Amino acid sequence: MSKPSIPQGTRDFSPAEVRKRQYIFNTLRTIFELYGFQPLETPAMENLTTLTGKYGEEGDRLIFKILNNGLHEKKEADKEKLNSEWSKMLEKPFSSPIVTERALRYDLTIPFARYVVMHQNELAFPFRRYQMQPVWRADRPQKGRYREFWQCDADVVGSTSLINEAELLCIYQSAFHNLGLTQVTVKINSRKLLAGIAELCGTPELMMDITIALDKLDKIAWEGVTKELQERGISEAGISHVEKVINVKGNNEEKLYALQEIMKDSVTGMQGINELKQALAYHKELADAAWDSRLEVDVSLARGLNYYTGVIVEVACKAVQMGSIGGGGRYDDLTGLFGLKGLSGVGVSFGIDRIYDVMEELKLFPEQLASGADVLLINFGGENELYALGVLKQLRSAGVSAELYPDVVKFDKQMKYANKRGLQYVILPGDEERQKGMLSLKNFNSGEQKMLSVDECIEIIKKN
RNA sequence: GAGGCUGUAGCUCAGUUGGUUAGAGCAUCAGAUUGUGGUUCUGAGGGUCGUGGGUUCGAUCCCCAUCAGCCUCCCCA
């Protein structure tokens with residue numbers, strides 16, 4: 001017999017971990033609902049053709065594909081085809097519907113776009129939805145990177161208003177505030193601003209190259225970026241333009257003001273700046289002064305996914321060495337990929353596994369999440385067992401979460417069980433208690449024990 | 001796709017410059033204590049030293065291969 005194990009990059013979540021994760025989910029769900037977003041769930045698997053080509057070349061490689069069933073049952077003619085397709089797959093990155101036609105969900109945005117197109121006639125636009133489900137990526141696991149992880153997304157489709165951007169920024173800030181996660185920075189930029197930079201360089205077609213190089217600024221510093229820009233074919237004049245842009249300092253207003261001067265010859269760039277200004281202006285009206293996460297215009301922010309077209313955001317927590325804990329942006333024609341033109345969308349994503357890791361490292365989970373039921377009834381067997389069942393019923397109908405030890409085993413074993421479970425109270429329904437119609441209630445934290453009626457027990461337990 | 005580190009009890013890890021019977025802590029079980037847990041004491045069980053091969057009189061240790069896990073780059077949540 002082999003040792004039991006789980007696939008690389010996946011995890012079991014033990015009770016205490018699930019409680020903490022639910023705490024995050026519940027916090028986010030409350031906010032999403034408060035902002036008027038509706039819940040949506042989509043299948044764990046999608047047709048492979050729905051996913052391929054949406055995440056770039058690297059993304060395609062990371063899609064978990066599902067092998068078709070019943071390959072051995074194919075007719076002989078099909079098997080020849082199967083063999084040749086299989087050979088191709090061994091030579092190069094290649095997929096064939098005869099071998100695999102389904103794949104695990106890679107993110108929540110593309111399935112959402114697919115859903116919107118399929119249900120366009122039923123939906124009231126602008127459609128606001130939130131979705132909290134696992135996604136899978138065939139990446140190599142490392143710190144903060146899993147092959148199965150959960151995303152919580154909020155998107156609005158069918159509206160170009162920058163109020164949406166402002167609302168989503170508020171959702172981020174509100175969520176991190178409610179989770180007690182400080183030292184969070186929400187970075188904001190615009191793809192149009194990046195396009196404007198490329199225009200200024202005289203090489204608008206190299207926007208992606210400039211973007212990718214610029215994105216590495218905090219890792220490889222300006223010198224490294226310069227080198228990379230040279231390698232990617234940007235002229236010296238262009239590089240000096242880029243340098244001017246990234247050297248813009250100050251608060252958000254000052255930065256945008258300065259960028260306006262630099263960008264004045266680029267229509268697209270100016271558009272990006274104006275959008276940022278407008279989004280921030282709306283945000284100012286909507287934001288709560290108590291939220292302490294920073295909102296920072298960062299022209300080096302790029303975002304990998306290639307469907308973004310407008311404002312883009314990314315969230316980082318400076319207190320912990322960890323990749324981004326969230327990201328998002330506007331995509332002008334996402335549903336166009338599935339044949340529905342002219343619908344603009346904007347959304348944000350929370351990486352809840354990373355948020356969990358960060359909160360764990362910073363010890364931000366509330367203490368009381370750890371415990372489960374409130375009280376254990378000791379099983380003394382015989383008539384006492386029946387007496388205990390009656391008490392159990394009363395406790396539960398009063399809303400006290402309670403359990404009876406199901407087996408008649410040694411007293412100290414039952415007590416040890418209660419202790420290990422971290423329960424607050426133990427009730428001893430023994431001979432004496434039963435005869436008096438009372439209960440002994442023991443508080444496990446103080447060690448104090450009293451003979452009480454059921455109602456008194458309920459009152460004390462509920463008060464705690 | 002490239003590179004680095006680590007595989008010894010259920011868990012976390014010692015260990016042997018190659019030697020007979022491989023250890024500790026935690027956990028588990030039993031007892032001290034058959035209606036009082038969390039503290040303490042006593043005892044017990046538990047290992048193909050990741051797998052395969054090589055060197056050797058002898059390998060958990062050295063060499064090669066392989067698998068798995070962790071980490072870094074790339075990319076991302």
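Computation of the quantities below employed the complete heavy-atom set of this structure, encompassing side-chain atoms and omitting hydrogens, waters and symmetry-equivalent molecules. Residue numbers start from 1 in every chain, and the chains themselves are labelled A, B, ... in the order their sequence lines are given, proteins ahead of strands. If you're wondering where the values come from, they're calculated on a predicted model, not measured in any experiment.
The backbone N or O of A:E385 lies less than 3.5 Å from no partner atom in the side chain of A:R434, so there is not a single donor-acceptor pair. A distance-only check finds a donor-acceptor pair linking the side chain of A:N443 to the backbone of A:S446 [under 3.5 Å].
Counting heavy atoms from C-beta outward, A:V358 and A:I325 have side chains that approach closer than 4.5 Å.
When the P atom of B:C70 is taken as reference, atom CZ of A:R147 falls 10 Å away, rounded to whole Å. Rounding to whole angstrom units, CG of residue A:L108 and C1' of B:C76 are separated by 15 Å. One can place CZ of A:F444 at 13 Å from C1' of B:G35, the figure rounded to the nearest angstrom. Spacing between atom CZ of A:F64 and atom C1' of B:C76 amounts to 15 Å, rounded to whole angstrom units. Following rounding to the nearest Å, A:F149 (CZ) and B:A77 (P) show an atom-to-atom distance of 7 Å. Regarding A:D107, its CG atom lies at a distance of 19 Å from the P atom of B:C75, rounded to whole Å. The interatomic distance linking A:N445 (CG) with B:U39 (P) rounds to 15 Å, in whole Å. Nucleotide B:C75 holds its P atom 23 Å from the NZ atom of A:K54, rounded to whole Å.
Using a 4.0 Å heavy-atom cutoff across all strands shown, A:G56 reaches no nucleic acid atom at all. Heavy atoms of A:Q8 sit under 4.0 angstrom from primed sugar atoms or phosphate atoms, though from no base atom. Counting non-hydrogen atoms under 4.0 angstrom, A:E433 reaches a base of the nucleic acid. In this structure, A:G430 reaches the bases: a heavy-atom distance under 4.0 Å links it to at least one base atom across the strands shown. Residue contacts for A:Y146: at a heavy-atom cut-off of 4.0 Å it reaches a base atom on one of the strands shown.
Taking the C1' atom of each, B:U72 and B:U12 are spaced 25 Å apart, rounded to whole Å. Taking atom C1' in both B:C67 and B:C74, one finds a spacing of 25 Å when rounded to whole Å. Rounded to a whole angstrom, the distance from the C1' atom of B:C61 to that of B:A22 is 12 Å. Comparing B:G4 with B:U8, their C1' atoms are spaced 22 Å from each other, to the whole Å. To the nearest whole angstrom, the two C1' atoms, one in B:C71 and one in B:G31, are 46 Å apart. Here the separation of B:G38 from B:C29, taken at their P atoms, is 12 Å to the nearest Å. Taking the P atoms as reference points, B:U51 lies 13 Å from B:G10, given to the whole Å. When the P atom is compared between B:U40 and B:U66, the two are found 49 Å apart, to the nearest whole Å.
RNA chain B forms stems at B:1-7 with B:67-73, B:10-13 with B:23-26, B:28-32 with B:40-44, B:50-54 with B:62-66, each a run of 3 or more consecutive Watson-Crick or G-U wobble pairs whose two key distances fall under 3.5 Å.
A heavy atom closer than 4.0 Å to some atom of RNA chain B occurs in A:R354, these being the qualifying members of residues 348-357 of chain A.
Note that A:R21 lies in the cation-pi zone of A:F13, set by a 6.0 Å cut-off to the ring centre and a 45° limit from the axis. A:R128 forms a cation-pi arrangement with A:F37, by the criterion of a distance under 6.0 Å to the ring centre and an angle within 45° of the ring axis. A cation-pi arrangement, defined by a distance under 6.0 Å to the six-membered ring centre and an angle within 45 degrees of its axis, is present between A:R137 and A:Y106.
Ring to ring, A:Y387 and A:F380 are not that close: their centroids are 6.0 angstrom or more apart. Taking the six-membered ring for Trp, A:Y356 and A:F365 have ring centres closer than 6.0 Å. Taking the centre of each ring, A:Y130 and A:F112 stay at or above the 6.0 Å mark.
A:N419 contributes a side-chain N or O that forms a donor-acceptor pair with the base of B:G37 under 3.5 Å. The base of B:U36 is not paired with the side chain of A:Q414 by any donor and acceptor separated by under 3.5 Å.
Where A:G9 and A:E228 each meet RNA chain B at their nearest nucleotide, the meeting point lying more 5' is that of A:G9.
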What are the atom names and distances for every N/O pair under 3.5 Å that joins the protein to nucleotides 30-33 of chain B?
{"unit_1": "B:G31", "atom_1": "OP2", "unit_2": "A:K410", "atom_2": "NZ", "d": "3.0"}

Restricting both atoms to N or O, compile the protein contacts to nucleotides 71-74 of chain B shorter than 3.5 Å, with distance only.
{"unit_1": "B:C71", "atom_1": "OP1", "unit_2": "A:K143", "atom_2": "N", "d": "3.3"}
{"unit_1": "B:C71", "atom_1": "OP2", "unit_2": "A:K143", "atom_2": "N", "d": "3.2"}
{"unit_1": "B:U72", "atom_1": "OP2", "unit_2": "A:Q142", "atom_2": "OE1", "d": "2.9"}
{"unit_1": "B:C74", "atom_1": "OP2", "unit_2": "A:K219", "atom_2": "NZ", "d": "3.3"}
{"unit_1": "B:C74", "atom_1": "N4", "unit_2": "A:Q142", "atom_2": "NE2", "d": "3.2"}
{"unit_1": "B:C74", "atom_1": "N4", "unit_2": "A:R145", "atom_2": "NH1", "d": "2.8"}

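Of the candidates B:A77, B:G35, B:G69, the closest approach to any side-chain atom of A:F411 belongs to B:G35. Of the candidates B:U36, B:C70, B:G37, B:U36 carries the atom nearest the A:L428 side chain, counting heavy atoms from C-beta on.
With respect to the salt-bridge test (charged N to carboxylate O, under 4.0 angstrom), the residues A:E46 and A:R102 do not qualify. A salt bridge links A:R421 with A:E403; the closest basic N to acidic carboxylate O contact falls under 4.0 Å. Ion pair A:K450/A:E448 flagged as a salt bridge, since at least one NZ, NE, NH1 or NH2 atom sits closer than 4.0 Å to an Asp/Glu carboxylate oxygen.
The side-chain contact (heavy atoms from CB on, under 4.5 Å) with A:F32 is formed by just one residue from the set A:L28, A:L34, A:T30; it is A:L28.
A:W150 pairs by the ring-ring contact (aromatic ring centres under 6.0 Å, His included) definition with A:F25, not counting sequence neighbours. The ring-ring contact (aromatic ring centres under 6.0 Å, His included) check on A:Y146 picks up nothing, with sequence neighbours excluded.
Under the 30°/60° scheme for interplanar angles, the aromatic rings of A:Y405 and A:Y417 are found to stand perpendicular.
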